[in-house]
Amino acid sequence: GINRNGKLVMWLGDIARLPETEQYFLRSENVPSDHDIGCEFYDGQIEVRFTEPPPEDKMMLARTDFLDAALKYFGAKIDHLSIETLHSISKLSRPIANTEKEAGQIIGLLNQINVESFDSKVLGSLLRNKSIDPSSLGSLKRAEKLFALEFPQQDIALIFSPFFVLYDLRVLASHSMSQTKKAEEWKFACERL
């Protein structure tokens with residue numbers, strides 16, 4: 001595990017099971033102990049304390065709750081591509097390295113799961129039922145408009161802002177543009193988050 005000081009903690013019994021070449025490699029990277037073995041692994045295995053669910057799990061639970069509430073409220077399923085979305089969810093994992101390539105892959109998956117899964121046709125139909133012409137709106141704008149109409153007391157633009165930022169990040173990750181423009185857009189997206 002990683003302790004509170006950001007150091008890797010390994011149990012000697014686990015190290016003993018590694019091939020000898022890997023043990024020598026670990027020895028070459030060894031640092032003096034700070035005697036802090038507190039880490040998620042220690043908390044779970046020794047102290048029997050459960051860790052907080054990772055942000056990805058929290059997001060999936062919030063997404064499920066949101067879609068279930070929307071189904072009950074509108075009487076219509078506002079998402080689609082369920083099998084494809086499950087496939088995207090199965091590929092979602094924490095990055096191993098902080099690289100532009102890995103960030104782009106994760107941003108793309110998060111966009112597929114949270115933005116592209118909105119059903120534009122259903123959202124359009126719900127808006128037409130309220131005498132709104134959705135023809136010039138994309139699926140994300142349709143969702144924002146629908147919720148703004150239904151819940152005028154809420155700041156729906158603020159609530160939906162992370163979806164738009166995620167979409168903008170996906171565009172940044174997958175489209176060619178100058179490094180200056182990319183840096184400016186990235187900074188703007190992070191400020192909005």
Side-chain angles (χ1 to χ4, degrees), residues 52-71 73-74 76-193:
E52 283 289 313
E56 299 85 356
D57 289 355
K58 290 179 183 178
M59 179 195 68
M60 289 299 125
L61 290 171
R63 179 184 183 277
T64 299
D65 290 345
F66 169 73
L67 292 172
D68 287 347
L71 175 61
Y73 187 85
F74 295 111
K77 193 171 179 274
I78 65 168
D79 68 313
H80 67 148
L81 302 173
S82 299
I83 300 298
E84 293 79 2
T85 301
L86 285 173
H87 181 68
S88 295
I89 291 169
S90 73
K91 294 190 298 186
L92 189 62
S93 63
R94 289 182 176 181
I96 295 173
N98 187 14
T99 65
E100 191 173 319
K101 180 181 176 182
E102 282 204 39
Q105 289 171 342
I106 291 169
I107 288 166
L109 287 170
L110 290 173
N111 189 69
Q112 288 172 4
I113 294 164
N114 294 297
V115 176
E116 294 176 20
S117 64
F118 278 121
D119 191 328
S120 187
K121 289 179 184 175
V122 171
L123 293 167
S125 176
L126 291 168
L127 285 170
R128 276 190 286 285
N129 291 345
K130 299 192 169 301
S131 302
I132 304 290
D133 178 16
S135 59
S136 65
L137 304 175
S139 59
L140 194 49
K141 276 291 189 187
R142 288 177 181 199
E144 181 186 41
K145 182 77 170 170
L146 178 65
F147 280 87
L149 289 169
E150 288 296 321
F151 306 101
Q153 70 282 8
Q154 297 289 322
D155 188 350
I156 297 300
L158 180 66
I159 293 169
F160 268 73
S161 179
F163 291 116
F164 288 99
V165 173
L166 180 58
Y167 178 80
D168 291 347
L169 289 173
R170 200 262 320 148
V171 169
L172 280 171
S174 61
H175 292 185
S176 294
M177 62 183 73
S178 73
Q179 290 296 70
T180 304
K181 174 112 172 118
K182 190 175 257 192
E184 289 170 2
E185 294 292 324
W186 182 265
K187 183 178 180 225
F188 180 58
C190 290
E191 286 169 359
R192 287 165 34 216
L193 281 178

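Predicted model only: the values in this text are computed from it and were never measured. The analysis underlying the following values was restricted to heavy atoms, covering all of them including side chains, and did not include hydrogens, waters or symmetry mates.
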Is it true that atom [atom1] of [X] has more than 12 heavy atoms of other residues, nucleotides or ligands lying nearer than 6.0 Å?
| X | atom1 | answer |
| --- | --- | --- |
| Asn98 | CG | no |
| Ile83 | CD1 | no |
| Phe151 | CZ | yes |
| Glu191 | CD | yes |

Starting at [atom1] of [X], measure out to [atom2] of [Y] and round the result to the nearest 0.5 Å.
| X | Y | atom1 | atom2 | answer |
| --- | --- | --- | --- | --- |
| Leu61 | Glu56 | CG | CD | 12.0 Å |
| Leu109 | Arg170 | CG | CZ | 12.0 Å |
| Leu110 | Ser88 | CG | OG | 9.5 Å |
| Met59 | Asn114 | CE | CG | 5.0 Å |
| Glu185 | His175 | CD | NE2 | 12.5 Å |
| Ile107 | Leu172 | CD1 | CG | 8.0 Å |

I'd like to check [X] versus [Y] (side-chain heavy atoms, cut-off strictly below 4.5 Å). Are they in contact?
| X | Y | value |
| --- | --- | --- |
| Lys101 | Gln105 | yes |
| Ile132 | Leu146 | no |
| Ile159 | Ile156 | yes |
| Glu150 | Lys130 | yes |

Examine distances only and state if a side-chain atom of [X] and a backbone atom of [Y] form a donor-acceptor pair shorter than 3.5 Å.
| X | Y | value |
| --- | --- | --- |
| Ser125 | Lys121 | no |
| Ser117 | Ile113 | yes |
| Arg142 | Phe118 | no |

Which atom names give the shortest non-hydrogen contact between [X] and [Y], and what distance separates them?
| X | Y | value |
| --- | --- | --- |
| Lys182 | Glu100 | NZ-OE2, 3.3 Å |
| Pro53 | Lys58 | O-CE, 3.5 Å |
| Ala173 | Gly104 | CB-CA, 3.7 Å |

Start with the C-alpha distance between Glu116 and Thr85, add both sets of side-chain angles, then the distance that settles side-chain contact (heavy atoms from CB on, under 4.5 Å), and finish with yes or no. CA-CA 9 Å; Glu116 294 176 20; Thr85 301; over 6 Å; no
Would Leu169 and Asn111 count as a side-chain contact (heavy atoms from CB on, under 4.5 Å) if you check the C-alpha gap in whole Å, the side-chain angles of each, and the deciding distance to 0.1 Å? CA-CA 9 Å; Leu169 289 173; Asn111 189 69; over 6 Å; no
Could you check whether Lys141 makes a cation-pi contact with Phe164, meaning its NZ or CZ is under 6.0 Å from the centre of the six-membered ring and within 45° of the ring axis?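 Lys141 over Phe164 ring: yes.
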Would Phe147 and Phe74 count as a ring pair (Phe, Tyr, Trp, His ring centres under 6.0 Å) if you check the C-alpha gap in whole Å, the side-chain angles of each, and the deciding distance to 0.1 Å? CA-CA 10 Å; Phe147 280 87; Phe74 295 111; 5.4 Å; yes
Quickly, which of Leu71, Leu126, Asp119 forms a side-chain contact (heavy atoms from CB on, under 4.5 Å) with Ile78? Name it, please.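 The passing option is Leu126.
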Run the side-chain contact (heavy atoms from CB on, under 4.5 Å) check on Val122 and His80 step by step: do they pass? CA-CA 9 Å; Val122 171; His80 67 148; over 6 Å; no
